[in-house]
Amino acid sequence: TPATPPNLGTSTQSLKEPHFLSMRRLIATLIFLSLSACLPMEAMPTFPTETPTPTQTATPTVIWFPATETPTPGPTLLPSETPVLLPAVGAQVYGDDFATSAGWTLLTTANSSISIANHEITMALSQPKGYLFSVQEEYFFNDFYAEITTSPSLCSAFDEYGLLLRYNNPTNFYRFSLSCNGQVRLDRVINGSASSAQGWMVSAAVPSAAPSSSRIGVWAAGREMRFFINGQFQFSVSDPSLIGGAIGVFVRSAGENAVTASFSDLVIYRIEP
């Protein structure tokens, strides 16, 4: 008896149903794509093609001393009784006998020191081509007449020592310099750049050897400044860059040798109108 073939009705139905469903999905997909084509496209965002380079601000380089050629000595300044170049001054408004260090910056390093003792502020510098200064930062002066005694004990050639005037900060001040070979000048430091308001000039009033001692005087009123050494007029300068500031002292080594100088008996007077 031949075997009864299996009933394929259910199997045939089950194979046809998935094919029908896939046709429905295909039709739905085509309709969705057709509708989507009619919708507006969103604007695509735009991006810069290059990354901007950040702007860099250059830091100014502080130039402490102006670059000058070796000066040619001019005529020696001789004392003169006329004209009267130091106007009358008024009462004393400040004095410092350096009994204490109040207001002054002191320093001790391997190659430099600023100290106060025996009624003097002493600056010692052994760094080649070094520069050392200290400022009385508690007092600010506009118009004044100032005097201070300066006594270099170790220096030579163009090593310098002297007075800082109208000091506002480390990059803005005037510097009245005496050299150890008998010359004098005035530097102006503005925004860290130095220039000479009065270049080097030979003066008989400036000692050309150490140890020595001199009495420095500066009369300042507005833009005009007059400079004296041991009561002898040196030169005058008219400059409006700085009209007020503090007082300070400094030493500078122009070469390889050590420099030592002391300063004492600072007095400041009011200028009479």
Side-chain angles (χ1 to χ4, degrees), residues 64-81 85-86 98 111-114 118-134 145-165 173-189 194-219 225-237 247-267:
W64 291 111
F65 288 83
T68 56
E69 298 179 356
T70 302
T72 301
T76 300
L77 298 180
L78 299 176
S80 175
E81 296 182 358
L85 295 170
L86 178 59
F98 298 99
N111 54 19
S112 61
S113 68
I114 304 174
N118 302 319
H119 297 279
E120 293 180 326
I121 179 169
T122 299
M123 314 183 80
L125 179 64
S126 59
Q127 177 184 351
K129 297 184 179 180
Y131 175 44
L132 195 61
F133 70 95
S134 183
Y145 175 68
E147 284 189 348
I148 191 170
T149 297
T150 178
S151 304
S153 56
L154 183 63
C155 69
S156 61
F158 276 102
D159 295 340
E160 299 177 50
Y161 58 95
L163 198 61
L164 303 183
L165 307 165
F173 56 89
Y174 295 105
R175 180 175 51 227
F176 183 35
S177 299
L178 284 68
S179 72
C180 296
N181 60 358
Q183 302 193 53
V184 62
R185 76 171 176 179
L186 178 71
D187 289 337
R188 170 183 50 220
V189 180
S195 59
S196 291
Q198 168 62 57
W200 283 121
M201 53 185 288
V202 176
S203 172
V206 181
S208 57
S212 62
S213 182
S214 301
R215 188 73 173 165
I216 298 176
V218 179
W219 182 92
M225 293 176 284
R226 303 178 186 181
F227 298 87
F228 302 82
I229 299 175
N230 297 324
Q232 301 177 26
F233 173 75
Q234 302 300 298
F235 58 85
S236 64
V237 168
I247 294 286
V249 293
F250 82 96
V251 296
R252 181 210 179 195
S253 172
E256 303 298 318
N257 298 324
V259 179
T260 302
S262 298
F263 303 84
S264 60
D265 191 20
L266 170 64
V267 291

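When a residue number appears, it is its place in the shown sequence, counting from 1.
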Give a yes or no on whether the backbone of I148 and the side-chain of D265 come within a donor-acceptor separation of less than 3.5 Å. no
What distance separates L125 CG from F133 CZ, expressed to the nearest 0.5 Å? 12.5 Å
For the pair N181 (side chain) and S208 (backbone), establish whether a donor and an acceptor sit closer than 3.5 Å, ignoring hydrogens and angles. no
With the side chain counted from C-beta on, respond yes when I229 and V206 share a heavy-atom pair under 4.5 Å apart, and no when they do not. yes
Quick one: closest heavy-atom pair of Y145 and G217, and the distance? OH-CA, 3.9 Å
Once rounded to the nearest 0.5 Å, what's the spacing between atom CG of L163 and atom CG of L186? 10.5 Å
Roughly how far apart are S264 OG and E120 CD, rounded to 0.5 Å? 5.0 Å
Kindly indicate whether the side chain of R252, heavy atoms from C-beta on, has any atom under 4.5 Å from the side chain of Y131. yes
Side chain S196, main chain Q198, donor-acceptor under 3.5 Å: no
Do S253 and P128 have side chains that approach each other closer than 4.5 Å (heavy atoms only, starting at C-beta)? no
Working to the nearest 0.5 angstrom, can you tell me the gap between D159 CG and N257 CG? 6.5 Å
With a 4.5 Å limit on heavy-atom distance, are the side chains of W219 and S236 in contact? no
S151: side-chain hydrogen bond (donor to acceptor under 3.5 Å, both in side chains) partners, not counting sequence neighbours: S213
Min side-chain heavy-atom separation V251-T260 under 4.5 Å: no
Of all heavy-atom pairs between C155 and V259, which one has the smallest distance, and what is that distance? CB-CG1, 4.2 Å
How about M123 and F263: do any of their side-chain heavy atoms sit closer than 4.5 Å? yes
Side chains of F227 and V184: closer than 4.5 Å at any heavy-atom pair? no
Using a 3.5 Å distance criterion without hydrogens, assess whether the side chain of S126 forms a donor-acceptor pair with backbone atoms of N111. yes
Taking every non-hydrogen atom, the tightest pair across A194 and V189: CB-CG2, 3.9 Å
4.5 Å side-chain heavy-atom contact, Y174 and V218: no
Could you walk me through whether L164 and V249 satisfy the side chain to side chain contact (heavy atoms under 4.5 Å, CB included) test, starting with their C-alpha distance in whole Å, then the side-chain angles of each, then the deciding distance to 0.1 Å, before giving a yes or no? CA-CA 5 Å; L164 303 183; V249 293; over 6 Å; no
Scanning both residues in full, the closest heavy-atom pair of V237 with A197 reads CG1-CB, 4.0 Å
Kindly indicate, with the supporting measurements, whether the criterion side chain to side chain contact (heavy atoms under 4.5 Å, CB included) is fulfilled by L132 and Q127. CA-CA 10 Å; L132 195 61; Q127 177 184 351; over 6 Å; no
With distance as the sole test, does R226 use its side chain to make a donor-acceptor pair with the main-chain N or O of L85 at under 3.5 Å? yes
Please report the shortest heavy-atom distance between D187 and S177, naming the atom on each side. OD2-OG, 4.5 Å
Q234 side chain vs Q232 backbone, donor-acceptor pair below 3.5 Å: yes
Would you give the length of the straight line joining atom OG of S262 to atom CZ of F98, rounded to the nearest 0.5 angstrom? 10.0 Å
Might you point out which heavy atoms bring F176 and F228 nearest each other, and give the distance in Å? CE2-O, 4.1 Å
